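Inspection log for the structure reproduced underneath, given as structure tokens.
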Amino acid sequence: MDKQHSEILNNINELEDICKFKLNEEEKIYISTTFNQILKNCENLYKIPLQTEKG
Amino acid sequence: MSIFNMTALEIGSKIKNKEIGCVEVVKQFFKEVSNKSNGYITFTEEYAYKRANEIQEKLYMGEHLSPLAGVPISIKDNICTKGITTTAASKMLENFVPQYSATVFERLEDAGTILVGKLNMDEFAMGGTGETSFFGACKNPWDNSKSTGGSSSGSASTLAYREAILTLGSDTGGSIRQPSSFCSVTGMKPTYGLVSRYGLIGFAPRFDQIGPITKDVLDCAKTLEIICGYDENDNTTIKNINKNFIDESFILKGLKVGVCRNFIEYSDEEVRKEVYNAVEILEKSGANIEYIDVDCIDYSIPTYQVLSGAMSVSNMARYDGLKYGYKSSNAQDIVQNRTDGFGTEVKKRIMFGAFVLRDKDDENSLYKQAINAQYYIKYQFKKVFEKYDILLAPTTPKTAVSFEDKTETDIFLTSTNIIGIPSISIPCGFTKNNMPVGVQFMGDYLRDGLILNVARAFQKITDFHLKSPNIF
């Protein structure tokens with residue numbers, strides 16, 4: 001996930017292009033930090049076994 | 001007696017019985033309301049008087065209207081109202097005047113209710129505290145230093161402040177129920193598809209639902225009866241539903257209640273105490289109680305964040321300032337319009353969605369994991385509803401939090417949006433510091449009537465929903 005965090009920071013310009021808005025420096029710091037927290041929580045999703053239609 | 005001390009149905013009854021006139025009600029509303037809550041973005045005084053005269057005329061002529069005819073209503077500002085500013089609490093839509101009305105608003109108008117104002121909220125319904133609003137956060141009358149919750153912050157706050165009679169909110173990941181719990185009012189997220197989303201400025205169409213936030217369950221049920229049902233403008237709505245939700249002969253005896261033990265144990269001590277007390281009340285009334293664990297706490301928030309973020313990207317792309325919305329000094333510059341028009345939280349959510357969608361087709365992508373988790377959560381609930389009629393849990397793990405507290409207070413709520421089942425939050429007690437605690441009843445798909453009846457039965461034998469903050 002740390003790799004993903006740095007990926008966010010490295011690619012923030014690309015994400016700005018996709019989203020069609022710019023971030024100021026304060027927003028960049030806030031958003032990259034929050035992304036890192038969200039992505040840490042998302043690690044739980046990888047613990048769920050692959051589901052079939054019946055669960 | 002002030003109209004603010006009455007429920008919507010009580011006011012409707014007095015109007016019907018000619019004890020009070022529609023214009024008199026509207027006059028009293030605007031005389032007494034002062035927006036202490038900061039819950040209103042727009043007041044619709046001129047419109048309301050015009051409507052009051054029309055409704056009064058209809059009643060004189062003996063026209064059959066709903067039991068809510070003449071009742072003032074206040075609506076979250078992401079629900080379109082033709083000719084009336086609808087901002088979604090965003091700078092982007094600060095001056096947006098819709099050319100059509102949401103179906104829910106049309107149905108409430110047909111029922112004879114009278115719009116008196118549009119309510120504050122988190123910007124584009126993205127937030128859980130109300131503070132992302134371009135118009136500032138609302139106040140919680142139980143403690144001004146605490147959040148009202150969100151995103152339907154104005155809906156809950158104005159009711160608690162006695163500045164509204166009946167309100168609508170919207171709920172994408174707890175946005176009706178969490179502020180209802182924080183402000184000690186009744187709020188319901190219906191089954192997905194029960195209520196039309198046509199005219200809702202939503203952000204995650206698969207999770208968004210409009211629902212009532214009211215003083216009690218009877219007002220909630222009556223409002224839902226009016227707004228629910230098939231709408232040809234929203235093909236996700238369900239046909240042929242039973243609209244008579246409240247059954248006065250309903251009893252709790254024999255009701256099979258699964259109590260989410262892991263949700264309760266995750267919560268603060270004072271929340272636990274009040275929710276266990278609510279369980280005891282149901283048990284004493286004859287409900288069969290069993291404690292169970294529903295395995296979703298670790299997954300519901302990330303699943304919600306990934307999927308709602310992904311949906312928000314294309315959904316929010318329409319706001320470019322060209323056809324409508326905020327225009328920067330260089331009006332043709334879409335990037336500048338969006339940069340200036342959106343707040344930070346909105347940018348964060350759109351950007352996270354864009355981030356997860358970039359590699360969505362990869363074998364182990366986060367997006368695919370979230371879809372897998374959605375199935376998993378659905379299966380967990382399916383299993384328990386094979387055995388129990390309803391599930392009971394705290395609405396939130398804490399009472400209203402300070403603005404600095406970043407606890408995910410929607411952690412018990414997002415699952416029901418992810419899988420589309422109904423849930424209602426009602427007051428169930430107070431902490432030593434007099435902060436409200438909410439309990440939620442969740443039902444299986446289309447068991448909206450059942451959870452409303454359980455909540456109604458609970459309010460018949462308790463008075464938590466009647467208590468007011470000490471400021472009055």
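What you see is a predicted model, and the numbers here were worked out from it, not measured in a lab. Residue numbers start from 1 in every chain, and the chains themselves are labelled A, B, ... in the order their sequence lines are given, proteins ahead of strands.
Against chain A, the residues from residues 296-311 of chain B that qualify, each with a non-hydrogen atom under 4.5 angstrom away, are B:Asp298, B:Tyr299, B:Pro302, B:Thr303, B:Gln305, B:Val306 in number order. Using a 4.5 Å cut-off between non-hydrogen atoms, the part of residues 338-350 of chain B that approaches chain A consists of B:Arg338, B:Thr339, B:Phe342, B:Thr344, B:Glu345, B:Lys347, B:Lys348, B:Ile350. Listed in order of number, the residues of residues 401-421 of chain B that approach chain A to under 4.5 Å between heavy atoms are B:Glu408.
Note on A:Glu27, A:Glu14, A:Glu26: by heavy-atom pairs under 4.5 Å with chain B, the leading option is A:Glu27.
Surrounding OH of B:Tyr324 are more than 12 heavy atoms belonging to other residues, nucleotides or ligands, all under 6.0 Å away. Crowding of A:Lys20 atom NZ: a count of heavy atoms from other residues, nucleotides or ligands under 6.0 Å not exceeding 12. Annotation: B:Phe134, atom CZ; neighbour count of heavy atoms from other residues, nucleotides and ligands within 6.0 Å is above 12. Applying the 6.0 Å contact sphere to NZ of B:Lys382 captures no more than 12 heavy atoms from other residues, nucleotides or ligands.
In this structure, the separation between CG on A:Leu45 and NZ on B:Lys368 is 15.0 Å, given to the nearest 0.5 Å. Note: A:Phe21 CZ to B:Asn337 CG = 13.5 Å, rounded to the nearest 0.5 Å. Atom CE of B:Met351 sits about 8.5 Å away from atom NZ of A:Lys28, to the nearest 0.5 Å.
In plain terms, the two heavy atoms of B:Asn372 and A:Pro49 that are nearest each other are ND2-O, 3.1 Å. Nearest heavy-atom pair, B:Ala354 versus A:Ile18, reported as atom, atom and distance to 0.1 Å: CB-CG2, 4.0 Å.
Using a 4.5 Å cut-off between heavy atoms, A:Ile48 contacts chain B through both its backbone and its side chain.
Under the side chain to side chain contact (heavy atoms under 4.5 Å, CB included) criterion, B:Asp333 pairs with B:Asn330, B:Val335, B:Gln336, sequence neighbours left out.
With a 4.5 Å cut-off on side-chain heavy atoms, A:Leu39 and B:Phe355 count as touching.
Ring geometry for A:Phe35 against B:Phe352 counts as perpendicular: the plane angle is over 60°, on a 0 to 90° scale with 30° as the lower cut.
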